[in-house]
Amino acid sequence: MLEELARVDEAGLTELAAGAGLPKATAHRLLEQLAAVGGVERRAGRYRMGATMVRLGHSWTPHRRLGQAASLPLRHLAASTGAAVAVAAPVRGRMMILKGLPGAADAVLPHRPGVFLPPGNAAEVVMAAAEPAAEPPPGQAASRWTERLRAAREHGTAVHRWEGDMVISCVAAPVRTRTGKVVAVIGAAVHDSRRLAAATAATRQAARLASANLARLPHTARS
């Protein structure tokens, strides 16, 4: 339920129950329990994330160094492309946004911290391409997955097309440690495919800058 709220930002009971795949009675019970502890806010029959979840989310910082390293490159990337941009890293086997700046593409995929990217996304391809062998995600044919990994290794980026309320094109590039290990991905999502080539070049540059910033940051046990 919380992931669905994070995805839609604000919605009514019927929409949230359908999005979470729960009966309305169950969804209503969970939402009321969350509202009682400040996990969600209820206003005019609609729900949104509450102050308690925001406070707890801000205290979760296992990827603090990545967020610091990517902060300025993300701002430059957003300003130069007009795209929705984010830095994402693997969390529990899925790619999760650590830091993001919104754009028009948020109508399809919110670029907010804590949002998990759907399987087969461009960021996942970039991370998998850095490994010698990576199994395809659910719903992805092995042959197509192999081809996407090959292209990512060849070009240093991966591209994916999403269709929702609007069609958007996403490009992702790797963020590396000083030893060359890929630990995160910077991505940009544009709703005009004619802007993809420029966004790709800018995303590569942002990822290189984030990698350089990461190499200069002191390492700590909490990072």
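Worth saying up front: this structure is predicted, and the values here are computed from it rather than measured.
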Measuring from [X]:[atom1] to [Y]:[atom2], what's the distance to the nearest 0.5 Å?
X      : Y      : atom1 : atom2 : answer
Arg148 : Ser143 : CZ    : OG    : 12.0 Å
Leu217 : Leu66  : CG    : CG    : 9.0 Å
Gln205 : Ile186 : CD    : CD1   : 10.5 Å
Leu34  : Glu41  : CG    : CD    : 12.0 Å
Leu30  : Leu5   : CG    : CG    : 10.5 Å
Lys99  : His111 : NZ    : NE2   : 14.5 Å

Subject >> Ionic contact status for Arg150 with Glu147, cut-off 4.0 Å >> reply: yes

Original post:
Are any of the side-chain nitrogens in Arg42 or Glu32 under 4.0 Å away from the carboxylate oxygens of its partner?
Top reply: yes

Report yes if the side chains of [X] and [Y] come closer than 4.5 Å at any heavy-atom pair, otherwise no.
X      : Y      : value
Val185 : Val175 : no
Glu10  : Arg43  : no
Leu31  : Met1   : yes
Pro90  : Met95  : yes
Val183 : Leu214 : yes
Arg204 : Thr157 : yes
Arg46  : Leu13  : no

Of all the heavy-atom pairs spanning [X] and [Y], show the shortest one and how long it is.
X      : Y      : value
Ala86  : Ile97  : CB-CG2, 4.0 Å
Val126 : Ala173 : CG1-C, 4.1 Å
Ala128 : Leu149 : CB-CD2, 3.6 Å
Arg94  : Leu117 : NH2-O, 3.9 Å
Leu77  : Gly187 : CD2-O, 4.1 Å
Gly120 : Trp145 : CA-CZ3, 4.5 Å

For the pair [X] (side chain) and [Y] (backbone), establish whether a donor and an acceptor sit closer than 3.5 Å, ignoring hydrogens and angles.
X      : Y      : value
Thr203 : Ala199 : yes
Arg161 : Cys170 : no
Arg75  : Ala70  : no
Ser71  : Gly67  : no
Arg176 : Val182 : no

Side-chain heavy atoms nearer than 4.5 Å, only ILVMFWY residues, links allowed to pass through others: does that put [X] and [Y] together?
X      : Y      : value
Val85  : Val190 : no
Leu101 : Met96  : yes
Leu74  : Leu209 : no

**OP:** Begin with the C-alpha distance, continue with both residues' side-chain angles, and end with the deciding distance and a verdict on side chain to side chain donor-acceptor pair (under 3.5 Å) for Arg65 and Gln68.
**Re:** CA-CA 5 Å; Arg65 292 175 71 248; Gln68 291 174 340; over 6 Å; no

Subject >> Partner residues of His191 under the ring pair (Phe, Tyr, Trp, His ring centres under 6.0 Å) criterion, sequence neighbours left out >> reply: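 In terms of ring pair (Phe, Tyr, Trp, His ring centres under 6.0 Å), with neighbours along the sequence ignored, His191 is linked to no residue.
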
Original post:
Between His160 and Val125, is a side chain to side chain contact (heavy atoms under 4.5 Å, CB included) present by the stated rule, with each step listed?
Top reply: CA-CA 9 Å; His160 191 62; Val125 172; over 6 Å; no

